[in-house]
Amino acid sequence: MTSASPIRVLIVDDVPESRDNIERLLRFEPDIQVVGKASRGQEGIDLAVRLQPTVVLMDMTLPDMDGVKATMEITAQAPGSAVIMLSVQSDPELLRQAMLAGAREFLVKPFRFEELIEAVRRVAQLARPIPVAPAAATAGAPAVEAGRPDRDTSVIAVLGTKGGVGRTFLATNLAIALRQRTGKRVTLVDADLAFGDVAVLMNVTKAKTWVDVAQLGSSLDAEVLGEILTEHSSGIQLLLAPFKPQDAEIVTPEHFQMAMSCLRRMADFVVIDTRPGFDELMLAVMDSADCLLYVLTMEMTAIKDARQFLEVAELLGYRNKRLFLVLNRMNTYSGIPVADIEENLKQELVVRIPDDPAPVLRSINEGTPFIDMVPEHRISAEITRLAGILADQEAPVPVSQPREGRRRAFPWPRLGRRPV
Ligand SMILES: Nc1ncnc2c1ncn2[C@@H]1O[C@H](COP(=O)(O)OP(=O)(O)OP(=O)(O)O)[C@@H](O)[C@H]1O
Ligand SMILES: [Mg+2]
């Protein structure tokens, strides 16, 4: 934050000592400037409209109206100002009301000075336009419609029991492809809670995350979840992983289930990026999914993991779900023919995403989704075809190898390796 653009703060609190204490603390921060103080709700609203502060620190209890009502007015009349609610109570219902009123943060009194400063800086960032990938075509989807009855939502989990196979790359681009192909509501959920990369690939640096979902607990509903989702310029909504790995611990499988039941009323497609393993959260993810996309590469270890996954999926009763194997980084140098992998897994590789490290790396490093950066690329075409299959617009036939006349050259379970 530069001194050229200080964060302008308005304090609304009826207790003079509280106002003065907060002002005294903030005075030492070079990037923060207290521009006004109010002791009543209406006075706070009037000052917010006149001064247009970056951040409003709003006490929950005021003499003429409660902080929720004042926040609602400020959100409507001074939408450029972000409100941080301050309350002595940490009641989830209060937090829910505050968020619905438009508050960006909720601090429970007494709070540490660092907490306050951190929150002020965080919401100041949010008050500015959320940095999203540049110039992706937004097709003008209607905003998330909260609270409508259950719709025919398709939940797609992108899985892989080996790290680094391309789950996040596929999940992000598939979500955008679904949006582009169908024009429907798509939410991308990052369920790799400790080390999720969706925010990086979508170029989002500050946003609400699963932590906000966990804090709401059973007060979560579709309306308030709509406030937590981040809108990306492609038109899809994001439910992001915490920015600090240690915060992942507070998110439980129950939180995930509650969020999913809301999302089923809010979105047509939910794409979930995951982490390797069969822990409680991943089981909740797979239970919730209608379709499982298992990503593997042309590596012996990834193929072995895929075989084991198929066995476990069978045991868990997941084989009644739509299940597609997605071969990522398909190439001609691995030494293992595609047909041998299929033979080994006793399953077709319906989706085959080519390997092309240079543009993929560039799209990740730039934070521009690949499908927007190079829409004509073979990788984009294959992910778009997958979106068509998932939206039931296209038959699931491997694009580069028609079903008839496919080679079945090697006896099971031979897998590419030549005898030595
Ligand atoms: N089709 C592809 N062609 C070339 N490189 C690719 C392709 N897909 C993914 N990659 C590369 O693989 C790396 C891992 O991708 P990604 O982060 O999506 O994997 P992941 O399975 O989500 O990994 P993690 O275990 O870290 O969650 C990326 O850095 C990307 O450069
Ligand atoms: Mg990942």
Side-chain angles (χ1 to χ4, degrees), residues 133 156-177 188-204 209-210 232 236 238-243 245 248 251 256 271-279 281-282 285-286 289 292-299 301-306 308-309 324-334 336 338 341 349-387 398-400:
I156 300 152
V158 180
L159 308 167
T161 39
K162 189 171 161 57
V165 288
R167 287 182 309 271
T168 309
F169 176 71
L170 176 63
T172 49
N173 286 288
L174 175 65
I176 297 176
L188 173 59
V189 173
D190 195 341
D192 184 357
L193 294 178
F195 296 102
D197 291 330
V198 168
V200 175
L201 267 68
M202 304 300 262
N203 197 17
V204 179
T209 68
W210 274 108
H232 184 258
I236 67 169
L238 311 174
L239 178 46
L240 295 169
F243 287 94
V251 186
F256 175 83
V271 179
I272 310 175
D273 186 23
T274 65
R275 62 188 181 214
F278 286 103
D279 57 42
L281 182 77
M282 281 307 110
V285 168
M286 289 187 267
L292 308 177
L293 298 181
Y294 185 92
V295 186
L296 70 152
T297 54
M298 300 176 97
E299 252 180 80
T301 48
I303 298 162
K304 183 266 300 171
D305 284 357
Q308 288 173 336
F309 169 81
F324 294 111
L325 293 179
V326 177
L327 180 64
N328 189 27
R329 311 200 65 166
M330 187 174 80
N331 60 70
T332 51
Y333 57 78
S334 76
I336 310 175
V338 171
I341 302 173
L349 298 171
V350 170
V351 185
R352 299 164 192 188
I353 301 171
D355 183 44
D356 196 353
V360 170
L361 197 59
R362 194 154 55 81
S363 87
I364 290 173
N365 289 347
E366 283 180 11
T368 308
F370 190 90
I371 209 155
D372 285 332
M373 193 180 81
V374 267
E376 71 291 348
H377 195 284
R378 287 168 303 133
I379 290 179
S380 304
E382 183 64 349
I383 294 175
T384 302
R385 191 177 71 85
L386 172 59
V399 71
S400 51

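For this chain, numbers begin at 1 and follow the sequence in order. Both counts, for ligands and for their atoms, begin at 1 and track the order of listing. The shown structure was predicted, so the numbers you read here are calculated from the model rather than taken from an experiment.
- Looking at atom 24 (P) of ligand 1, its nearest protein heavy atom turns out to be R167 NH2, 3.3 Å.
- Close contacts of ligand 1 with D355, meaning ligand atoms under 4.0 Å from a residue heavy atom, involve 3 (N), 4 (C).
- Closest protein heavy atom to atom 12 (O) of ligand 1: R329 NH1, 3.7 Å.
- Ring pair F278/F309 is parallel by interplanar angle, where below 30° counts as parallel and above 60° as perpendicular.
- In D273, neither the side chain nor the backbone holds a heavy atom less than 4.0 Å from any atom of ligand 1.
- Within the listing of ligand 1, atoms 25 (O) sit less than 4.0 angstrom from a heavy atom of G163.
- Side-chain N or O atoms of Y294 include none that pairs as donor or acceptor with a backbone N or O of L327 at under 3.5 Å.
- Nearest protein heavy-atom contact of atom 26 (O) of ligand 1 is D197 OD2, 4.0 Å.
- Side-chain atoms of E382 never come within 3.5 Å of backbone atoms of I353 as a donor-acceptor pair (strictly under, hydrogens ignored).
- Nearest non-hydrogen protein atom to atom 3 (N) of ligand 1 is D356 N, 3.1 Å.
- The Mg ion (ligand 2) lies under 2.8 Å from an N, O or S atom belonging to T168.
- Within the 3.5 Å criterion, the main-chain N or O of K162 finds a donor-acceptor partner in the side chain of R167.
- Contacts between T168 and ligand 1, counted as non-hydrogen atom pairs separated by less than 4.0 Å, involve both the backbone and the side chain.
- For ligand 1, one of its N or O atoms has an N or O atom of F169 under 3.5 Å away.
- Aromatic ring centroids of F169 and F370 lie under 6.0 Å apart.
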Can L170 and V326 be said to form a side-chain contact (heavy atoms from CB on, under 4.5 Å), step by step?
CA-CA 9 Å; L170 176 63; V326 177; 4.0 Å; yes

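- Distances from atom 1 (N) of ligand 1 to the heavy atoms of G166, P354, G196 show the closest one on P354.
- When only modelled atom types and interatomic distance are considered, N328 and T297 share no side-chain donor-acceptor pair under 3.5 Å.
- Not a single heavy atom of G160 sits under 4.0 Å from any atom of ligand 1.
- Contacts of L170 with ligand 1, taken as heavy-atom pairs under 4.0 Å, are absent altogether.
- Using a 4.5 Å heavy-atom cutoff, the side chains of N173 and S380 are not in contact.
- Comment: R329 engages D355 in a salt bridge, judged by a side-chain N to carboxylate O separation of less than 4.0 angstrom.
- Of all the listed residues (V360, N328, I364, L327), N328 holds the heavy atom that lies closest to atom 8 (N) of ligand 1.
- The two residues L193 and P242 make their nearest non-hydrogen contact at O-CD, 3.3 Å.
- For ligand 1 and G164, the ligand atoms under 4.0 Å from any heavy atom of the residue are 14 (C), 19 (O), 20 (P), 21 (O), 23 (O), 24 (P), 25 (O).
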